[in-house]
Amino acid sequence: MNRQTQQRSGFGYFFHGIELALTPGIRRFVIFPLLANIVLVGGALFYLFSNLDSWITQLMGQLPDFLSWLSYLLWPLLVLTILATFSYFFSTLANFVAAPFNGLLAEKVEAHLTGQSVNDDGPLAVIKDTPRVLAREWRKLIYVLPKTIGLFLLLLIPALGQTVGPFLWFIFTAWILAIQYCDYPFDNHKVSFNDMRYNLKQKQSKAYGFGALISIFTTIPIINLIVMPVAVCGATSMWVAEFKK
């Protein structure tokens, strides 16, 4: 098997995505997803860090007095949870805006890895296909939204939300981010959303590992601005090595 298309761990696909995003011939297709991520996620994080301290104080104030000793343990968990929540929400918005360009990036990465074109229709076809691509983004949003609301309500429950919620949110975010980015190469081949989810469930350890690393990097300022195109490239590498056959 070609080194470019060899099977990897979930972490390995993410790091391969970095290598692919820097590859000549691929770099120019990274620009538009990168710009969308910088504008939306960068602006969101500026707002977040301007208000983070007051939000943490309010959440910690909901703890009963007999659990006040947990505050030193829960404070970093809450910070990470809020960071992950904000980053995930605005990354989702950025993905919605950049979806047609992410699909095009996935096409070019797959062509680079396999030597075979995915679509030969040209840039005009990408524009014409935008409504269908955006409809697919809505399908993902409908899948995610009820679960997101449920977890958010859990975070508001005193004691339970602050202890169990962050762990459940991290696991949930890892799965959803794997779905978000792997969907681009699947969708390029018109694989249905439900079939795509089924395929990922067959290799959950790789999907969760890939999504978990994306989740971690989306909480790190500056680095999170470049995560989107890297994740698209890594997800396409996973598609070619694990699922395309």
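For clarity, every value in this text was computed on a predicted model and none was experimentally measured.
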Self-check item: Set of side-chain contact (heavy atoms from CB on, under 4.5 Å) partners for Lys147, sequence neighbours left out
Solution: Tyr143, Phe172
Starting at [atom1] of [X], measure out to [atom2] of [Y] and round the result to the nearest 0.5 Å.
X	Y	atom1	atom2	answer
Arg136	Lys140	CZ	NZ	7.0 Å
Leu213	Leu177	CG	CG	11.0 Å
Leu168	Thr173	CG	OG1	10.5 Å
Cys233	Phe15	SG	CZ	14.5 Å
Asn102	Glu107	CG	CD	11.5 Å
Phe29	Leu104	CZ	CG	5.5 Å

Check whether any side-chain heavy atom of [X] lies under 4.5 Å from a side-chain heavy atom of [Y], and answer yes or no.
X	Y	result
Leu145	Ile149	yes
Val144	Arg139	no
Trp169	Thr148	yes
Ile26	Leu105	yes
Leu20	Leu113	yes
Met228	Tyr181	yes
Gln202	Glu242	no
Lys244	His189	yes

Return the minimal non-hydrogen interatomic distance between [X] and [Y], and the atom names on each side.
X	Y	answer
Ala207	Ala178	O-CB, 3.3 Å
Phe210	Ala235	CZ-N, 3.4 Å
Ala21	Val30	O-CG2, 3.8 Å
Ser237	His16	OG-ND1, 2.8 Å
Met238	Cys182	SD-SG, 3.9 Å

Quiz item: Should we count CZ of Phe243 as having more than 12 external heavy atoms under 6.0 Å?
Solution: yes
Self-check item: Stacked cation flag Lys203 on Tyr13, 6.0 angstrom / 45 deg
Solution: no
Is it the case that one hydrophobic cluster holds both [X] and [Y], taking links as side-chain heavy atoms less than 4.5 Å apart, direct or via other members?
X	Y	value
Tyr208	Leu200	yes
Phe11	Phe217	yes
Ile214	Ile171	yes
Ile31	Phe101	no
Val230	Leu22	yes

Is the backbone of [Y] close enough, under 3.5 Å, to the side chain of [X] for a donor and an acceptor to pair up by distance?
X	Y	result
Thr114	Glu110	yes
Asn199	Asp195	yes
Lys206	Arg8	yes
Thr23	Glu19	yes
Asn188	Ala106	no

Quiz item: In terms of the angle between their ring planes, are Trp239 and Phe186 parallel, tilted or perpendicular, with boundaries placed at 30° and 60°?
Solution: perpendicular
